[in-house]
Amino acid sequence: MKEKIVTFGNGSCLVGVTTEPETKFQTEGAPAVLLWNAGLLHRVGPYRLYVDLARKLAAVGFLVFRFDISGKGDSEIRKDKLMDRERASGDIQEAMNFLSANKGVEEFVLTGLCSGADEAFPVAVQDRRVSGLVLLDAFGYQTFGYYLHHYGPRLLRLQPWKNFLKRKFNDILERIRNRGNEHGQRGRTFVREFPPKAQVKAELLNLIERKVNLFFIYSGGVKYYNYHGQFKDMFKPIDFQNRLKLEYFNEAAHTYTRLMDRNKLMITVCDWMQKHFNGTGKTSSINPRR
Amino acid sequence: MNPLYFGDSERPLFGIYHPPESKVFRDVGVLLCYPAAQEYMSTHWAFRRLSKLLSQAGFHVFRFDYLGTGDSSGESREGNVAQWKADICSAFDELKHISGAREVSIVGVRFGATLATQASAEGLGIKDLVLWDPVIVGKEYVRELEALHHDFIPDLQVNSKDNDFDEILGYPFPSELRVGIEQINLLTPPHSTAKRTFLIVSEEKREYFQLKTQLTDTGTQFEYRLVQDSGDWGKPEDFDQALLVNDILHKIRDVLTGERK
């Protein structure tokens, strides 16, 4: 496995790292996997997830490129005046252009967590070079099943009511305590808004028609998704034509804090990549404990 | 800004060099030392901003990832105290080599400050040493991490006695690392040999007063600053969020430039 630092894009303002398989493990014609910032975290990923995932994917034959979107991580701000979402799209496409020009790659699998997922989806819709999507905690829309799973158990138990009242009381106390104290805030400064469901539905149909392979993974760390079948219920009656894989790691946090959850996630992603894009090597050689 | 690999070519470390962006000539480099794994994620953005501030003030700046962290080689479980101190020395030499700077100062945050202090005590010739919320007593730090882990991930118990391989707050925590951290106590000799030491803290703690007293007693040129801008290091739910601070970064720049504000 070889890792190389790359500066690319207009004015070489973007920073990334390519992780390439050893020559004997390279899979000819395989797509490259792209990873970039989740929220304000840099290209390393939460708990170094992207570094580990890149190295494991390279071990089974895939070239991986993880980079920082402009203005995040170590990448400079773009000189043009694009808005946030356009900026990300522009950067992702520059990353693809870079790999096409320098590594001869013609197909790409975009992998994103949270804001990364939000940025990946429209790029995949627009750019025909994208042949796969791995989206972690992407958009979600409430369904009847969601409300049943959320409220059903709570209505019948006393403890959730007590917790609700306690939370509200603590919220009020916190607001009183923090009045005027804006120091040392953490980076919870971006808000996620999902596109209209009808729009997403149309875009999914577009991707299926293009035979893009889709892997949607949800964790137990998001409030808007709470049961295994929710994705399919969200987008009934789309026929995904076997292009869709779903996974719901309901015990995992949004950023996969526990090692075992990250390991499970990485094995799942590697297996899916190998199944759909003919990677080499054996995912079972990854020690799930480490 | 120049990202690069350096050190042992078989196990390279990742670093980023920021050349001076000012007409003010300072023949001084500043090495930034990240905290340990659990607090690394949240500090990256602050260090990027600090690098900019310092390079605009005329310093050569270098920040880097220890072995087994960030973009450096090695798996996360390979990190240990001895290795990370050696990495600081390697980064120190690299900064001198790239920049030609005559002297190098170090800014360390949390356990990075602790490691830098130890490296200084072991002979690394540091000009100014800035300790931002340093970890003073390793044993207490490990207990704090374990307590946070129990609260944050209650269904995953830390086994500090039997297991050679363990996990705290999402990161591998093998016994070698645990023992290395627990052996550290900045209140006991040997002490830092930096020409000047700055203790910049976000809250007043008993151990900071103890360190202050000790450094004063040993005749070290030493200054203490309280800057209530750093947020709370003890909230695991914030570990994967970027730390957004401003005042403390400016204070660090000011102490290094010698400006009194």
Side-chain angles (χ1 to χ4, degrees), chain A residues 1-7 12-17 19 37-52 54-56 66-68 71-76 113-114 181-190 221 251 253-263 287 289-290, chain B residues 1-5 12 14-16 37-38 40-42 44-48 51 63 65 68-77 149 152-153 155-156 165-174 202-203 227-233 235-248:
Chain A
M1 176 203 74
K2 297 169 283 184
E3 287 185 327
K4 200 173 164 202
I5 298 165
V6 168
T7 54
S12 294
C13 69
L14 302 175
V15 176
V17 175
T19 308
N37 316 74
L40 289 179
L41 298 179
H42 70 305
R43 67 195 168 275
V44 157
Y47 304 93
R48 216 183 180 210
L49 172 62
Y50 292 174
V51 174
D52 292 336
R55 291 174 179 174
K56 285 173 170 42
R66 49 192 182 78
F67 61 95
D68 290 321
K72 292 186 181 179
D74 294 311
S75 289
E76 301 292 339
L113 164 67
C114 189
N181 177 18
E182 294 90 20
H183 292 300
Q185 296 304 302
R186 295 286 172 153
R188 298 182 195 278
T189 54
F190 70 96
E251 293 188 356
H254 178 53
T255 50
Y256 295 83
T257 308
R258 298 185 312 182
L259 266 171
M260 69 170 89
D261 293 328
R262 291 201 298 284
N263 284 325
N287 184 336
R289 187 144 193 266
R290 293 179 186 257
Chain B
M1 181 195 66
N2 304 317
L4 54 101
Y5 286 120
F14 176 89
I16 296 191
Q38 285 79 7
Y40 166 84
M41 282 188 288
S42 63
H44 183 273
W45 183 249
F47 262 19
R48 171 183 164 157
S51 300
R63 52 189 167 96
D65 295 330
T69 74
D71 283 306
S72 287
S73 65
E75 296 188 37
S76 299
R77 63 190 163 88
H149 179 97
F152 193 53
I153 318 178
D155 56 341
L156 188 66
F165 175 77
D166 217 330
E167 173 181 343
I168 290 187
L169 291 166
Y171 286 94
F173 209 73
S202 57
E203 60 176 317
V227 182
Q228 287 169 312
D229 182 32
S230 287
D232 187 350
W233 295 106
K235 283 188 184 173
E237 60 269 25
D238 286 340
F239 283 170
D240 60 3
Q241 304 293 322
L243 177 66
L244 305 176
V245 288
N246 193 50
D247 293 349
I248 202 158

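Predicted model only: the values in this text are computed from it and were never measured. In what follows, chains are A, B, ... by sequence order, proteins preceding strands, each numbered from 1. Side chains are part of it too, since the values below use all heavy atoms of this structure and drop only hydrogens, waters and symmetry mates.
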Query raised in the report: Do you know which two heavy atoms are closest between A:His42 and B:Tyr40, and how far apart they sit?
Result: NE2-OH, 3.1 Å
Requested in this report: Work out which heavy atom in A:Lys72 is nearest to a heavy atom in B:Trp45; give both atom names and the distance.
Outcome: CA-CZ3, 4.2 Å
Requested in this report: Taking all heavy atoms of B:Met41 and all of A:Leu41, pick out the closest pair and write down the distance.
Outcome: O-CD2, 4.0 Å
Query - Minimum-distance pair of heavy atoms, taken over all atoms of B:Ser76 and A:Asp52 - result: OG-OD2, 4.5 Å
**Report entry** Side chain / backbone / both / neither for A:Thr19 at chain B, heavy atoms under 4.5 Å
**Finding:** neither
Requested in this report: Measure from the side-chain N and O atoms of B:Arg48 to the backbone N and O of A:Gly73, and report whether any donor-acceptor pair falls under 3.5 Å.
Outcome: yes
Requested in this report: Please state whether the side chain, the backbone, both or neither of A:Glu251 comes within less than 4.5 Å of a heavy atom of chain B.
Outcome: neither
Query raised in the report: Considering only heavy atoms, which portion of B:Ser51 lies under 4.5 Å from any heavy atom of chain A: side chain, backbone, both, or neither?
Result: neither
Query raised in the report: Is there a donor-acceptor pair closer than 3.5 Å between any side-chain N or O of A:Arg262 and the backbone N or O of B:Gly170?
Result: yes
**Report entry** Candidate pair A:Val44 and B:His44, rule side chain to side chain contact (heavy atoms under 4.5 Å, CB included), full reasoning
**Finding:** CA-CA 10 Å; A:Val44 157; B:His44 183 273; over 6 Å; no
Requested in this report: Kindly determine whether B:Met1 and A:Glu76 satisfy side chain to side chain contact (heavy atoms under 4.5 Å, CB included), including the steps that lead there.
Outcome: CA-CA 9 Å; B:Met1 181 195 66; A:Glu76 301 292 339; 4.3 Å; yes
**Report entry** Verdict with supporting geometry, A:Arg48 and B:Asp65, salt bridge (charged side-chain N to carboxylate O under 4.0 Å, His left out)
**Finding:** CA-CA 12 Å; A:Arg48 216 183 180 210; B:Asp65 295 330; over 6 Å; no
Query raised in the report: Highest number of heavy-atom pairs under 4.5 Å with chain B: which of A:Val6, A:Ile5, A:Val15?
Result: A:Ile5
**Report entry** Heavy-atom contact with chain B under 4.5 Å, split by part of A:Thr7
**Finding:** side chain
Requested in this report: Search all heavy atoms of B:Tyr171 against all heavy atoms of A:Leu259 and return the closest pair with its distance.
Outcome: C-CD1, 4.5 Å
Requested in this report: Begin from the C-alpha positions of B:Leu169 and A:Tyr47 and carry the test side chain to side chain contact (heavy atoms under 4.5 Å, CB included) through to its verdict.
Outcome: CA-CA 9 Å; B:Leu169 291 166; A:Tyr47 304 93; 5.8 Å; no
Requested in this report: Go through A:Val17 and B:Tyr5 one step at a time and tell me if the side chain to side chain contact (heavy atoms under 4.5 Å, CB included) criterion holds.
Outcome: CA-CA 11 Å; A:Val17 175; B:Tyr5 286 120; 3.7 Å; yes
Requested in this report: Taking all non-hydrogen atoms of both residues into account, name the closest pair between A:Arg43 and B:Asp71 and its distance.
Outcome: NH2-OD2, 2.7 Å
